[in-house]
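Data block below; observations after.
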Amino acid sequence: MVTTFYAFCLFSALQLWLAVVRGTSEDSCYYYPLPDLSISPDTRTIPWGEPTITYPNGTTCCSSLDQVRSELDAINSRLLQLLSTRSAYVREATRFKATEESVNDPSRNQEVIQGAIDAAPSVYLPQVVAKMVFEGIINSSVLFEECIVSLGLLSTPAWNLD
């Protein structure tokens, strides 16, 4: 019983220390793992809060949900282009892998994922987003590489990067 109490106290102290180190509760949503979340009973008037994005000309975004979605759609389009370019390099990497077994390099995969998690706060990206996105990118890239190697598709026309 005493050991359980001490463990609880230690755990509580660790949570408090993490909260202090991470700063405000808003900032804690930018680190991984996320804090324990509970559903807010608050009913907010819409829009709530103040705009958090400021453009170089000093104006702020956004005055409507449609404006937010329009900006997200434009970003999604750019992300697709970047992922296409990344896939071209993933395909290129298969030229340097002799067998299907050499495609998956778990230590390299973890290095890339951890690098994204570690770098996320410097660009104000939530670490949980970096973790989940890069895990998805790496896992799907391995499947893509395995397919290229397995089917011997290196002789087919490749991307033309402009």
Side-chain angles (χ1 to χ4, degrees), residues 22-40 42-162:
R22 290 183 176 170
T24 67
S25 61
E26 180 180 317
D27 286 346
S28 64
C29 289
Y30 283 82
Y31 293 91
Y32 187 81
L34 291 175
D36 291 332
L37 304 174
S38 60
I39 297 174
S40 173
D42 298 340
T43 301
R44 300 182 177 110
T45 58
I46 304 297
W48 60 276
E50 297 297 320
T52 58
I53 297 173
T54 303
Y55 297 116
N57 67 5
T59 61
T60 58
C61 176
C62 295
S63 59
S64 71
L65 184 55
D66 287 340
Q67 185 181 5
V68 172
R69 288 179 175 162
S70 176
E71 293 294 330
L72 289 172
D73 289 345
I75 292 166
N76 291 342
S77 180
R78 293 194 321 249
L79 284 171
L80 283 173
Q81 285 297 313
L82 288 170
L83 289 169
S84 176
T85 301
R86 189 183 192 288
S87 291
Y89 283 100
V90 166
R91 178 183 176 167
E92 191 70 12
T94 61
R95 293 180 42 237
F96 302 94
K97 298 179 179 181
T99 66
E100 192 173 338
E101 291 76 34
S102 64
V103 166
N104 191 9
D105 183 349
S107 63
R108 171 67 178 151
N109 298 346
Q110 189 54 41
E111 176 187 327
V112 171
I113 294 165
Q114 191 59 53
I117 294 167
D118 293 345
S122 69
V123 294
Y124 212 61
L125 175 69
Q127 286 180 318
V128 67
V129 172
K131 179 182 186 307
M132 300 300 286
V133 167
F134 274 82
E135 284 176 347
I137 288 171
I138 295 301
N139 292 336
S140 59
S141 293
V142 168
L143 292 173
F144 176 61
E145 274 188 286
E146 288 173 345
C147 182
I148 295 293
V149 170
S150 176
L151 298 178
L153 298 176
L154 287 175
S155 60
T156 60
W159 281 263
N160 183 9
L161 300 178
D162 295 327

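Numbers here are sequence positions counted from 1. Fair warning: this is a prediction, and the values are worked out from it, not measured in the lab.
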Next item on the list: List in chain and number order the residues that pass side-chain contact (heavy atoms from CB on, under 4.5 Å) with P47, two or more places apart in sequence or in another chain; answer none if no residue qualifies.
Entry: none
Note to self: I need the T59 OG1 to I53 CD1 distance, nearest 0.5 Å.
What the structure shows: 11.0 Å
Next item on the list: For the pair T94 (side chain) and R91 (backbone), establish whether a donor and an acceptor sit closer than 3.5 Å, ignoring hydrogens and angles.
Entry: yes
Notebook entry, point to check: Rounded to the nearest 0.5 Å, how far does CD1 of I148 lie from OG of S141?
Noted result: 11.5 Å
Item checked: T43: side chain to side chain donor-acceptor pair (under 3.5 Å) partners, not counting sequence neighbours -> none
Item checked: For N76, side-chain contact (heavy atoms from CB on, under 4.5 Å) partners two or more places apart -> D73, L79
Check: What pair of heavy atoms forms the shortest contact from C61 to P51, and how long is it?
Finding: O-CB, 3.1 Å
Item checked: Partners meeting salt bridge (Lys or Arg N to Asp or Glu O under 4.0 Å) with E111 (sequence neighbours left out) -> R108
Checklist line | salt bridge (charged side-chain N to carboxylate O under 4.0 Å, His left out) contacts touching residues 50-66 (sequence neighbours left out) | finding: none
Checklist line | Where Q127 and Y31 come nearest, the two heavy atoms and their spacing | finding: OE1-CA, 3.1 Å
Notebook entry, point to check: Can you name the side-chain contact (heavy atoms from CB on, under 4.5 Å) partners of R78, sequence neighbours left out?
Noted result: I75
Notebook entry, point to check: N139: what forms a side chain to side chain donor-acceptor pair (under 3.5 Å) with it, not counting sequence neighbours?
Noted result: none
Margin query: Going by side-chain contact (heavy atoms from CB on, under 4.5 Å), name the residues that satisfy it together with S38, two or more places apart in sequence or in a different chain.
Written below: none
Next item on the list: Please report the shortest heavy-atom distance between T99 and V149, naming the atom on each side.
Entry: C-CG1, 4.0 Å
Next item on the list: Heavy atoms only: give me the nearest L125-A130 pair and the separation to one decimal.
Entry: CD2-CB, 3.8 Å
Item checked: salt bridge (Lys or Arg N to Asp or Glu O under 4.0 Å) partners for E135, two or more places apart -> K131
Check: Between the side chain of S140 and the main-chain N/O of G136, is any donor-acceptor distance below 3.5 Å?
Finding: yes
Notebook entry, point to check: Can you list the residues that meet the side chain to side chain donor-acceptor pair (under 3.5 Å) rule with Q67, with sequence neighbours excluded?
Noted result: S63
Checklist line | Any pair counted as salt bridge (charged side-chain N to carboxylate O under 4.0 Å, His left out), so long as it reaches residues 136-147, sequence neighbours left out | finding: K97-E145
Checklist line | Q114: side chain to side chain donor-acceptor pair (under 3.5 Å) partners, not counting sequence neighbours | finding: D118
Checklist line | CZ/R69: more than 12 non-hydrogen atoms of other groups inside 6.0 Å | finding: no
Checklist line | Heavy-atom closest contact (C62 atom, V68 atom, distance) | finding: CB-CG2, 3.5 Å
Item checked: S87 side chain vs L83 backbone, donor-acceptor pair below 3.5 Å -> yes
